[in-house]
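See structure below.
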Amino acid sequence: MRTVRFPAASKEYDVIIGTGAVSVLGTEVKKLCPGAVKALIVSETNVAPLYLEKVREEIGKAGIETVDYVFEAGERSKGIEAVAAMWNRMAEAGFTRTDIVVGLGGGVTTDMAGFAAATFLRGINVIQVPTSLLAMVDASIGGKTGIDIAMGKNQVGAFWQPSVVIEDISFLKTLPDEVFTEGMGEVIKHAFIVDPVLLEKLERANGNIRDDEELLEDIVAMNVADKAGVVREDENDNGRRQILNYGHTIGHVIERDSGYTKPHGICVAKGMGIMIDACVRAGTLAASDAERMKDLLKLYKLPVSDDITPEAAVKGAMNDKKKRGGTISVILVNRIGEAEIKKMTPEDFMRFLSK
Ligand code: GLY
């Protein structure tokens, strides 16, 4: 078990990673939220049958009474109705400002639990207990919380950092293969944008990391440290943090156009593949690096292309949060381990994507 410190400007906190890490949940809650007497545990229909009882028990050890809110698993639940139900559950149970929310699940859960905590009584503490690889390496850390609306993903939300994040690696055992694979999209993204050492480690592992808990702990910890290094410089996403959106500009459009039936990490991988090809065509990324990057995605069973047209990609991107004024902040990787933010007009972006 190990701890990575996450130094966001508004709040510094620990991310505790390891097999059996959930056993420190009660102690951490007692230490960090001494005034808490009630906790709302937010989870979903796939995760709750597996881990809700354990988490209830751990929080109970801290002398805290729990209530639950379990929603139907899936991105389609990520809306204002679910968050309003969480607010009502807390209000009915008489929650006060010292009480807490615990997010137990994947990215949809931790985003919504964080947003409910950020907004209830103008902000109460949230503890994140991610159960998917994607949530461990990305969604549950860094304080982005929110919901989707008809016009797009994560369009409403708040920056709200957790008090602690507990990442129990043994929870990954029950993850369906395809859900583990989509998490690898975000892992490989970190390797491409900031961490060539991680990239080499993933190449050496040759696609076989699922069954090695020690290696998994190592990889998750490297990812948390990578993200911490970026977020410490720019918590509110006005500058460097935008590099974490590599592959997302087009990925989000593919995801939204599928009615959220295509998994996020898969769409990000497709978005990265499209950006890799575009950088090679623009002459800024060496063909050998591009091949290495695409080979790594394929090694971890991720796609590297999509049939989205440049027109659809540009139109969709203009509705995204990554748009500022009339330009889109496009994230490029022209050397492995280095990302840059390039502002493009829709016309520039269209030219860049056109074959
Ligand atoms: N998932 C991207 C970020 O946290 O900024």
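Values below: every heavy atom of this structure, side chains too, minus hydrogens, waters and symmetry copies. Each ligand, and each atom within it, is numbered from 1 in the order the structure gives. These numbers were taken from a predicted model, which means no experiment stands behind them.
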**OP:** Compute the minimum heavy-atom distance from D237 to ligand 1 and say whether it is under 4.0 Å.
**Re:** no
Within a reach of under 6.0 Å around [atom1] of [X], are more than 12 heavy atoms found that belong to other residues, nucleotides or ligands?
X    : atom1 : result
K11  : NZ    : yes
R232 : CZ    : no
K30  : NZ    : no

**OP:** Quickly, which of E186, E75, E182 forms a side-chain hydrogen bond (donor to acceptor under 3.5 Å, both in side chains) with H264? Name it, please.
**Re:** E186
Subject >> Side chain, backbone, both or neither: the part of K227 lying under 4.0 Å from ligand 1 by heavy atom >> reply: side chain
Original post:
Any N/O of H248 closer than 3.5 Å to an N/O of ligand 1?
Top reply: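 The answer is no, given that H248 and ligand 1 share no N or O pair closer than 3.5 Å.
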Subject >> For D138, atoms of ligand 1 separated by under 4.0 Å from a heavy atom >> reply: 1 (N), 2 (C), 4 (O)
